[in-house]
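Below is one structure, written out as structure tokens; comments come after it.
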Amino acid sequence: MRAHCLSLRSSRPGFTNPDVVGADSGFRVQSGAELRSASLLSAPRCSSAVMHRLKIISGHLRPGGSSNFRRDLRRSDCDSATAASSRSSPEDVVVVHGRRTAIGKAKRGGFKDTTPDELLSAVMSAVLKDVGLSPERLGDVCVGNVLQPGAGALMARVAHFLSGFPESVPVYTVNRQCSSGLQALFNVAGAIRSRAIDLGLACGVESMSLRGIGNPGDLSSRLMDNDKARDCIIPMGITSENVAERFGVSRETQDAFALRSQQNAARAQRAGLFDHEIVPVTTKFVDDEGKERQVTVSRDEGVRPGTTLEGLAKLRPAFKPDGSTTAGNSSQVSDGAAAVLIGRRSAVEALGLPVLGVLRASAVVGVPPDVMGIGPAYAIPAALQQAGLSVADIDVFEINEAFASQAVYSVEKLGIPPEKVNPNGGAIALGHPLGCTGARQVVTLLNELKRRGRRAYGVVSMCIGTGMGAAAVFEYPGA
């Protein structure tokens, strides 16, 4: 088997024993066919990166591999970052530019009366206008959405025309729940790598004001006879409680993580770090008296600079009386949209467009539905293995904060230094518009790496309802 067809995957289908989820043994070598089905990207590996990956894999196959898991992720026996950065190719999938709306508070904020097609149109138009690209150049548009009927297929085409895009440019939608915005990018990247298109727009949008999480749809009554199928309808808040209880994540630790998210976001907002990302949107707003007026939304509404540990400690558990998950250490229900322009490096350079980042790897993995929040702890290693990088090589991790319990678990399991995680805050402070979040994270990550002014690497990751995790590795090429 060729070295670039090796990957890590649990040999226990569905992680049947929940006590083993936190362990690091029981891995097997994954075939090339399985790898292609689990990930959309595979880049050529330099020999040093291949040897590094083989060392890690052999460590997992040895008895007692659990003690080596974190160490191997954090340590590289070769200069893996240098190896990865040397892989520049005309075939690279590169990010040209990205924008997002501010994130509004659902039901109460500035976007509560704004339809998702309007939010989406604002960012689609802005991205192309910023770089001076005609929409006719796009080979495809993919939009991540969760709550709209049919994953928002009609809504996306309407937004497409509201943006002034021609009918000749196609558009479609994808729903992989909380990773939908990132999955849209994976899908467009796959089309670019297959040479079906040269340029595409990956987007995400959600109005949680106008559509709520509720009816699960038409399901067989047989799901009640299958443990894993039944676990897919466990409320997300209960899965957070499961993670906290099973892996010993205390209420105090969750609240401390939430406080850090709020503090980081408040600091970033004060410093104007989000200003370059956000497209101001002027829209209608209906007040409590039923009067309609125009407002311009240009700041994230969920940031609470006055948050304290004492205040967080006073909040009652939100999902079970004796639980530890609260409104203060969970993501906020939100409205927002984001769009990311990506293309093949050769096409991008031929058009004189900038390169903001390079997509080096992507991965989607499955985990037990009842602890779906642990997804990043398994998706991130899979993506890093593809990229030939280690945790130590990554400068910034944008990990979605669906709940503090699952974010803490993932960070601690992988041994990620806390200062590398969500330096500008995450979903606890900014909000989590489901279909938008993955695309929003990419925009925030690459702008943060650009500010650092040197070649750097970043990871975007999130858990996914029903038991999955997704992750992507990006390289900022340097000024």
Side-chain angles (χ1 to χ4, degrees), residues 100-109 111-112 114-120 123 142-153 155-156 159 172-187 202-217 232-240 300-302 318 325 327 330-340 364 369 372-373 375-376 379 398-403 406-407 426-444 460-472:
R100 68 176 180 93
T101 67
I103 301 175
K105 292 182 178 180
K107 311 290 186 183
R108 298 176 291 146
F111 290 142
K112 73 180 183 67
T114 304
T115 54
D117 50 353
E118 292 286 5
L119 295 174
L120 183 57
V123 292
C142 184
V143 179
N145 183 259
V146 178
L147 299 178
Q148 288 290 306
M155 174 273 299
Y172 71 106
T173 59
V174 62
N175 178 359
R176 202 195 283 267
Q177 301 188 80
C178 297
S179 71
S180 297
L182 185 61
Q183 186 64 52
L185 188 145
F186 290 174
N187 287 8
C203 312
V205 63
E206 207 71 69
S207 170
M208 300 183 78
S209 290
L210 302 180
R211 291 276 171 174
I213 302 172
N215 187 349
C232 289
I233 61 173
I234 294 174
M236 293 296 97
I238 297 301
T239 70
S240 172
D300 298 315
E301 297 175 343
T325 302
S330 303
S331 58
Q332 300 181 41
V333 180
S334 312
D335 307 322
V340 181
V364 183
M372 65 90 202
E398 279 284 335
I399 299 177
N400 188 42
E401 301 166 353
F403 302 97
Q406 54 83 208
I428 289 173
L430 298 175
H432 177 24
L434 304 177
C436 163
T437 289
R440 194 281 302 169
Q441 287 177 286
V442 173
V443 174
T444 300
V460 167
S461 186
M462 69 284 291
C463 60
I464 304 170
T466 71
M468 288 174 278

Quiz item: Which is it for Arg211 and Ser207 under the side chain to side chain donor-acceptor pair (under 3.5 Å) test, yes or no, and what are the steps along the way?
Solution: CA-CA 6 Å; Arg211 291 276 171 174; Ser207 170; over 6 Å; no

State the [atom1]-[atom2] distance between [X] and [Y], to the nearest 0.5 angstrom.
X      : Y      : atom1 : atom2 : result
Gln148 : Leu210 : CD    : CG    : 7.5 Å
Cys436 : Leu120 : SG    : CG    : 9.5 Å
Ser331 : Leu430 : OG    : CG    : 11.0 Å

To check you understand the geometry: which heavy-atom pair defines the closest contact between [X] and [Y], and what is its length?
X      : Y      : answer
Ala472 : Phe186 : CB-CE2, 3.7 Å
Val146 : Glu206 : N-OE1, 2.9 Å
Asn145 : Asn175 : O-CB, 3.3 Å
Ser461 : Ala470 : OG-O, 2.7 Å
Ala184 : Gly144 : CB-N, 3.9 Å
Phe403 : Ser330 : CD2-OG, 3.4 Å

Any sub-3.5 Å donor-acceptor pair from [X]'s side-chain atoms to [Y]'s backbone N or O?
X      : Y      : value
Gln177 : Gly465 : yes
Asp335 : Met208 : yes
Glu398 : Gln441 : no
Thr173 : Ala151 : yes
Ser180 : Gly435 : no
Ser179 : Arg176 : yes
Lys107 : Ser209 : yes
Ser240 : Ile238 : no
Thr101 : Gly336 : no

[X] vs [Y] side-chain heavy atoms within contact, under 4.5 Å:
X      : Y      : value
Leu434 : Ile213 : yes
Val205 : Met155 : yes
Lys105 : Lys112 : no
Val174 : Val143 : no
Ile103 : Phe111 : no

Self-check item: Test: Asp300 and Arg100 ion pair at under 4.0 Å
Solution: yes

Practice problem: Show your working on side chain to side chain donor-acceptor pair (under 3.5 Å) between Asn400 and Thr437 and close with a plain yes or no. | Solution: CA-CA 8 Å; Asn400 188 42; Thr437 289; 4.6 Å; no

Practice problem: Tell me, with the steps shown, if His432 and Cys178 meet side-chain contact (heavy atoms from CB on, under 4.5 Å). | Solution: CA-CA 8 Å; His432 177 24; Cys178 297; 3.3 Å; yes

